Number of protein chains: 2
Amino acid sequence: MHDEVAVKAWRELSRQYAALSCALESALQEQHKLGMSEFEVLDRLVGAQDCTGLRMQELGEQIHLSQSALSRTVARLEKDGLVERQLCTSDRRGVFVHPTDAGRERHAAARPTHRAVINTTLASSQ
Amino acid sequence: MHDEVAVKAWRELSRQYAALSCALESALQEQHKLGMSEFEVLDRLVGAQDCTGLRMQELGEQIHLSQSALSRTVARLEKDGLVERQLCTSDRRGVFVHPTDAGRERHAAARPTHRAVINTTLASSQ
DNA sequence: GTACGTTAGTTGCACGTGCATTGAATGCGC
DNA sequence: GCGCATTCAATGCACGTGCAACTAACGTAC
């Protein structure tokens, strides 16, 4: 049936996501003391060329995380000195987040791990 | 670069998983008082024709959940009267889990929702 | 100006998950 | 028989997440 094809697709999606997210989580944590969500945030921040950083809202659009989870993830990164929060002057409700030098270094160190894990896990799991 | 193709694949995988798991979770919870993991367990149990049920270990192979998470998921299902645990007589370390009549009913009610959410979400997200 | 609805981000809380440990049962070597 | 490593499942604990409530700032209407 049509339904069963879709269910198989869902299970396959689920399997791949579990394998990859689990591998990423442990590799990043073990080798770079970074959680997967934290790396994702850093990755977007460094990827965005804009030196003023990104607003929380923009981050939220790119990363699939609830607003509260994102807020705490950024708080953890800030506590570790990897990002800084800056009040947005034009709209004082907004918060700009930008990586520190330490954050850029940590990201640069972690990125090869991230890429490698994705490549090998995706290759071996299909 | 090759890496960036893989990263895009990962982000796409991540996006689809988030959309679908989130939709499933809320639909199942709202309409049938079932978490996604709980439905998955029920689905496997009902799907397995063997009347004696499945061992925890077999469930663990099919569902991507840590052993402890699976143990607690089954505990929740048991508390709600949807499954029963039975000591395995041949290997008394093992535990057989099988659905109760109420479990079968709940599963039968929830399955159409599950299938529908998968179909519509997968269709609209690619 | 004031009042009201909306938007941005943070926080209290409950919950599900993973890791590590524990307890019990098994199988193997002797 | 007696140990000893292994396997299965349950539990203590810490942590990340989502939901709902909250605070602060903005925009609009009056």
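Note on naming: letters A, B, ... go to the chains in the order of the sequence lines (proteins, then strands), and numbering restarts at 1 for each one. Note that the structure is a prediction, hence the values are computed from the model and not measured.
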message: For DNA chain D, which residues of residues 57-69 of chain B approach it to below 4.0 angstrom with any heavy atom?
response: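 Only B:Gln57, B:Gln67, B:Ser68 qualify.
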
For [N] and [X] - does any side-chain N or O of the residue sit under 4.0 Å from the phosphate oxygens OP1/OP2?
| X | N | value |
| --- | --- | --- |
| A:Arg76 | D:dT17 | yes |
| B:Arg85 | D:dA10 | yes |
| B:Thr73 | C:dT17 | yes |

How many Å lie between [atom1] on [X] and [atom2] on [N], as a whole number?
| X | N | atom1 | atom2 | result |
| --- | --- | --- | --- | --- |
| A:Arg55 | C:dT7 | CZ | C1' | 11 Å |
| A:Met56 | C:dT11 | CE | C1' | 13 Å |
| A:Glu25 | D:dG16 | CD | P | 9 Å |
| B:Glu38 | C:dC15 | CD | C1' | 11 Å |
| A:Glu30 | C:dC19 | CD | P | 11 Å |
| B:Asp80 | C:dG16 | CG | P | 10 Å |
| A:Leu87 | D:dC26 | CG | P | 10 Å |
| B:Arg92 | D:dA10 | CZ | C1' | 17 Å |

statement: Taking for B:Leu70 and for A:Leu70 the nucleotide of DNA chain C with the nearest heavy atom, the one nearer the 5' end belongs to A:Leu70

task: Return the 5'-most residue of the pair A:Asp91, B:Gln29 with respect to DNA chain C, ranking by each residue's nearest nucleotide.
output: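 So the residue in question is A:Asp91.
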
- prompt: Stepwise, does the side chain to side chain contact (heavy atoms under 4.5 Å, CB included) test hold for B:His114 with B:Glu40?
  reply: CA-CA 10 Å; B:His114 183 250; B:Glu40 290 294 337; 3.7 Å; yes

Identify the two heavy atoms, one from [X] and one from [Y], that lie closest to each other, and give their separation to 0.1 Å.
| X | Y | answer |
| --- | --- | --- |
| A:Thr100 | A:Gly81 | OG1-O, 2.7 Å |
| A:Leu34 | A:Ala110 | CD1-CB, 4.0 Å |
| B:Leu65 | B:Ala69 | CG-CB, 3.7 Å |
| B:Val117 | B:Ala23 | CG1-CB, 3.7 Å |

message: Using 30° and 60° as the class boundaries, would you call the ring planes of B:His107 and B:Phe39 parallel, tilted or perpendicular?
response: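 Judged by the thresholds at 30° and 60°, the geometry between B:His107 and B:Phe39 is parallel.
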
- prompt: Within the distance-only criterion (no hydrogens, no angle test), does the side chain of A:Arg115 pair as donor or acceptor with the backbone N or O of B:Val7 below 3.5 angstrom?
  reply: no

Hydrophobic cluster identity match, A:Leu54 and A:Val46, side-chain contacts under 4.5 Å: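 Not linked; separate clusters.
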
Inter-residue atom distance A:Leu59.CG - A:Gln67.CD, 0.5 Å rounding: 12.0 Å

message: Distance criterion of 3.5 Å, no angle test: do you see the side chain of A:Arg72 paired donor-to-acceptor with the base of D:dG18?
response: yes

- request: Decide whether A:Thr73 and A:Arg76 meet the rule of one side-chain donor and one side-chain acceptor closer than 3.5 Å.
  value: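 A:Arg76 and A:Thr73 do have a side-chain donor-acceptor pair below 3.5 Å.
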
field: Proximal nucleotide (of C:dT7, D:dC8, C:dT17) relative to the A:Arg93 side chain
entry: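 Of C:dT7, D:dC8, C:dT17, C:dT7 is nearest to the side chain of A:Arg93.
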
- line: Rounded to 10°, the helix from C:dG1-D:dC30 to C:dC30-D:dG1 deviates from straight, judged by its five-pair end axes, by 10°

